> 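Before we start, here is the structure in question, set down as structure tokens.
In what follows, chains are A, B, ... by sequence order, proteins preceding strands, each numbered from 1. Quick caveat: nothing in here was measured; it's all calculated off a predicted structure.
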Amino acid sequence: MEPLERYRPIIDDFEAFLAACERPLGNTVRVNTIKGSVERTLEALADDGIAYEQADWNPRVVRLETDSPGSTWTSFHGLTHGQEEVSAVPPVVLDPQPGERVWDSCAAPGGKATQLAALMDDRGTVVANDNNLGRISALRFNAERLGATSLAVTNADARTYSLKRFPFDEFDRALVDAPCSCEGTIRKNPDALDNWNEGHISSVSGIQKGILRRAVQATREGGTVVYSTCTFAPEENEAVVQHTLDNESCRVVDFDLGLEHSPGLSEWDGETFDDALERAARIYPHQNDTGGFFLAKLEVTAE
Amino acid sequence: MSDNDGQQFDRLPATAAERTVEGRASREEVIDYFEDRFGIPPETFADYTFWEKGAGKIWIYAGEASTPLGIEAIGMTCLRTRQEHWKPTTDFVQRFGQFATDCVIELEREQARAFAAGEDQNLEWWDGDWGYLIAAHELAGDLEPLGIGLYVHGELRSMVPKGRQRDI
């Protein structure tokens, strides 16, 4: 937990934050509405004697009381998909519509890409990209199990992504759920901080900046880009968005979030950020008993 | 006629008359197969395109794409052609099997459990067609397709792929 000490000055009730980080996470699934309604899926869970609780902010996110969420009828049928509660937030904030062209730049293993497809009633095009070929097989497996027919899966570096392979030259929306130092997954992966160092944060933030800039470039004017990470490090969050604001045509916009959260930071370690970054959201583990997360919503503007 | 290139996605020709690649199924043949065998109405597929990548592997896709296309995947694999008996995939059957009216074998809960675990079982009471069947069971008040099975000589063999099998 020692690396997290650097956040003591920015997190309210830091002791509660640390205590939450020590507690393991429960099992959460997302109801996959491509395959069935929320109502029917809940009925199937109840018939199997599995106790559940729907999240207040999203009826499709369900906490299960079972040790084996993968060995249920709803999972076998692809009616549910194991997905951490905060990990279901970015697609909701991106708010894709049926028929649109949407890019998920770092999509494997596919929980969010298939959620985007579900939010679009599986109509339109979700380009699910990942640069890691090994993780593409997990993405494909989940896409097929969940019945997402609107996914196109590509294997490329998101920073230099080309749309030449598609019959369109820009996206309506893009999700950059960036590779990160994963500090916020400490409750799921107790060894998440084992190899923590500032050098890693610095190198990964360079990659994040490249991907977010490409996402803004590849999205039409008036379109939406959501940037998210599962880490607390401002170098990977506010600083990445600030860099993109400085170099691309976009602005940070407000969004509603049914979960308790804190605003984005206006400064960190001597660097100040645009006031608009307070529209970003920092979700801490002790606020909603979840993992940690960062989100910013951008609108692409005229050049 | 040219040969199939297994490394890229090619959109299926609308009809056999428009075929340019040897042995490739047409969209019409695929839709006819789903209707003839399982009673799935052709209009179910009005908004989908069908593609071949790999020898005989047919993919169903709802999004936009131009042909040919060299990417990892589009939509889902739905059917294996280029063999005597065409074989739907378990994932396709779970997604579209609710529209089927024929060749659907309804299993009791214990039989469904064995099917999901990948086990073969004797089900001699079945008096319908032999060959590939959609196995289904009742879930929350409705029939829910489990996957594809092969019925021969009184035995239903589960075709659920290893990675999809579960002990429930």
> Heavy-atom count around B:E155 CD within 6.0 Å, excluding the residue itself: above 12?
yes
> Less than 4.0 Å between a side-chain N and a carboxylate O, is that true for B:E144 and A:R40?
yes
> What part of B:F96 gets closer than 4.5 Å to chain A, counting heavy atoms only: side chain, backbone, both or neither?
side chain
> For the interface with chain A, which of B:A140, B:A116, B:G70 has the highest count of heavy-atom pairs at distances below 4.5 Å?
B:A140
> In Å, rounded to the nearest 0.5 Å, how long is the span from OG1 of A:T72 to CD1 of B:I168?
7.0 Å
> What part of B:D142 lies closer than 4.5 angstrom to a heavy atom of chain A: side chain, backbone, both or neither?
both
> Surrounding CD of A:Q97 (heavy atoms of other residues, nucleotides or ligands, distance under 6.0 Å), is the total greater than 12?
yes
> Taking side chain as C-beta onward, heavy atoms only, is A:F141 less than 4.5 Å from B:D91?
no
> First locate atom CD of A:E144, then atom OG1 of B:T77, and finally report the distance between them rounded to the nearest 0.5 Å.
4.0 Å
> Checking heavy atoms, do the side chain of A:A44, its backbone, both or neither come under 4.5 Å from chain B?
both
> Side chain from CB out, backbone as N, CA, C, O: work out which of these in A:L133 comes under 4.5 Å of a heavy atom of chain B, or both, or neither.
side chain
> Taking all non-hydrogen atoms of both residues into account, name the closest pair between A:A152 and B:Y61 and its distance.
CB-OH, 3.7 Å
> Does a salt bridge link A:D122 with B:R95, judged by any charged N lying under 4.0 Å from a carboxylate O?
yes
> In terms of heavy-atom pairs under 4.5 Å with chain A, which of B:A73, B:G75, B:G163 leads?
B:A73
> Minimum heavy-atom separation for B:S66 and A:P167, please, with both atom names.
N-CD, 3.9 Å
> Let's go through A:F168 and B:E64 carefully: what are the C-alpha distance in whole Å and the side-chain angles of both, what is the deciding distance for side chain to side chain contact (heavy atoms under 4.5 Å, CB included) to 0.1 Å, and is it a yes or a no?
CA-CA 8 Å; A:F168 48 84; B:E64 294 173 72; 3.9 Å; yes
> How many angstroms lie between atom CG of A:D47 and atom CZ of B:R109, to the nearest 0.5 angstrom?
7.5 Å
> Please state whether the rings of B:H137 and A:H77 are parallel, tilted or perpendicular, taking 30° and 60° as the class boundaries.
parallel
> Measuring heavy-atom distances to chain A, does B:L69 have an atom under 4.5 Å in its side chain, in its backbone, in both, or in neither?
side chain
> Under the side chain to side chain contact (heavy atoms under 4.5 Å, CB included) rule, what do B:Y48 and A:T149 come out as? Steps first, then yes or no, please.
CA-CA 9 Å; B:Y48 296 92; A:T149 62; 3.3 Å; yes
> Tell me, do A:F76 and B:V160 make a side-chain contact under 4.5 Å, heavy atoms counted?
yes
> Is A:L139 in contact with chain B via its backbone, its side chain, both, or neither, using a 4.5 Å heavy-atom distance?
neither
> Count the heavy atoms of every other residue, nucleotide or ligand shown that sit under 6.0 Å from CD of B:Q83, and state whether that count exceeds 12.
yes
> Please examine the side chains of A:E43 and B:L139, heavy atoms only from C-beta on, and report whether any two atoms are closer than 4.5 Å.
no
> Based on non-hydrogen pairs under 4.5 Å, which of A:L151, A:L45, A:L42, A:V126 is most in contact with chain B?
A:L151
> Given the options B:C78, B:A112, B:G141, which has more heavy-atom pairs under 4.5 Å with chain A than any of the others?
B:A112
> Could you tell me which of A:A156, A:A117, A:A46, A:S71 has the largest number of non-hydrogen atom pairs under 4.5 Å with chain B?
A:S71
> Tell me if the CG atom of B:N122 is crowded by more than 12 foreign heavy atoms within 6.0 Å.
yes
> Just wondering, more than 12 heavy atoms not from B:R11 lying within 6.0 Å of its CZ?
no
> Atom OG in A:S68, atom CG in B:D167: separation rounded to 0.5 Å?
10.5 Å
> Side chain, backbone, both or neither: which part of B:P145 has a heavy atom under 4.5 Å from chain A?
backbone
> Report the option among B:R164, B:Q98, B:M76 that has the most heavy-atom pairs separated by less than 4.5 Å from atoms of chain A.
B:R164
> Determine, for B:E72 against A:R140, whether the closest basic-nitrogen to carboxylate-oxygen distance falls under 4.0 angstrom.
no
